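Reckoned from all heavy atoms, side chains included, excluding hydrogens, waters and symmetry mates. Predicted model only: the values in this text are computed from it and were never measured.
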Amino acid sequence: MRPLRDNVIVRLLGERKSEGGLFLPDASKKDRAVVVSVGPGKRLESGALDTIDVSAGSLVILNGAKAYPISGTDLHVIRGHELLAYIED
């Protein structure tokens, strides 16, 4: 699955699923996620492509982003500009 434009697909680290299928938040990790897939970037008025500086596997810190769940998975879509930083090894 590949997101469009400047969207990013992530797996939130601060959630786990209950036996009944409900997502249970872990407050200590709610602002962190692992990048699964990255869109090509946003097209600027000049025609240039403004790419996102993360890649699949990056550990990122979110800015209280609105994460849109992908039905039937543990993945979410967020906007690239909602990423605050990535954590280097």
Side-chain angles (χ1 to χ4, degrees):
M1 185 177 313
R2 183 171 175 168
L4 300 174
R5 296 181 299 282
D6 62 337
N7 293 309
V8 179
I9 296 176
V10 297
R11 179 172 288 111
L12 301 178
L13 295 180
E15 288 186 342
R16 61 184 172 85
K17 211 177 210 181
S18 71
E19 290 181 21
L22 298 174
F23 284 103
L24 305 172
D26 178 351
S28 67
K29 295 181 181 176
K30 70 178 182 175
D31 63 343
R32 295 180 185 212
V34 174
V35 175
V36 174
S37 184
V38 179
K42 182 178 180 179
R43 185 70 57 186
L44 303 175
E45 286 185 27
S46 67
L49 191 62
D50 184 19
T51 60
I52 300 170
D53 295 333
V54 297
S55 58
S58 297
L59 179 61
V60 294
I61 299 175
L62 308 176
N63 181 24
K66 171 69 176 156
Y68 299 93
I70 299 173
S71 182
T73 71
D74 62 345
L75 303 175
H76 293 75
V77 177
I78 63 169
R79 300 289 305 241
H81 70 271
E82 297 283 354
L83 300 176
L84 287 179
Y86 66 94
I87 300 170
E88 296 178 315
D89 293 333

Original post:
Do Val34 and Val10 have side chains that get closer than 4.5 Å, going by heavy atoms?
Top reply: no
**OP:** Answer whether the closest heavy-atom distance between the side chains of Ile87 and Val60 falls below 4.5 Å.
**Re:** no
Subject >> In one Ile/Leu/Val/Met/Phe/Trp/Tyr side-chain cluster, 4.5 Å: Val38, Val77 >> reply: no
**OP:** Output yes when Asp74 and Arg11 qualify as a salt bridge under the 4.0 Å nitrogen-oxygen rule, no when they do not.
**Re:** yes
**OP:** Mind listing the closest non-hydrogen atom pair of Ala56 and Val36 along with its distance?
**Re:** CB-O, 3.3 Å
Subject >> Minimal non-hydrogen separation, Arg2 against Gly39, with atom names >> reply: NH2-C, 4.3 Å
**OP:** Hey, could you give me the CG/CZ distance between Asn7 and Arg79, rounded to the nearest 0.5 Å?
**Re:** 5.5 Å
Original post:
Can you tell me how far CD of Glu82 sits from CG of Asp6, rounded to the nearest 0.5 angstrom?
Top reply: 10.0 Å
Original post:
Short question: side chain of Thr51, backbone of Gly41 - any donor-acceptor pair under 3.5 Å?
Top reply: no
Original post:
Is there a side-chain contact between Leu13 and Leu59 (heavy atoms, below 4.5 Å)?
Top reply: yes
**OP:** Hey, could you give me the CD1/OH distance between Ile61 and Tyr86, rounded to the nearest 0.5 Å?
**Re:** 12.0 Å
Subject >> Nearest-0.5 Å distance, CG of residue Leu62 to NE2 of residue His76 >> reply: 10.5 Å
Original post:
Transitively linked via ILVMFWY side-chain contacts under 4.5 Å: Leu12 with Leu83?
Top reply: yes
Original post:
For Leu75, does its backbone N or O pair with a side-chain atom of Thr73 as donor and acceptor, under 3.5 Å?
Top reply: yes
Original post:
Would you say the side chain of Glu88 lies within less than 4.5 Å of the side chain of Ser58, judging by non-hydrogen atoms?
Top reply: no
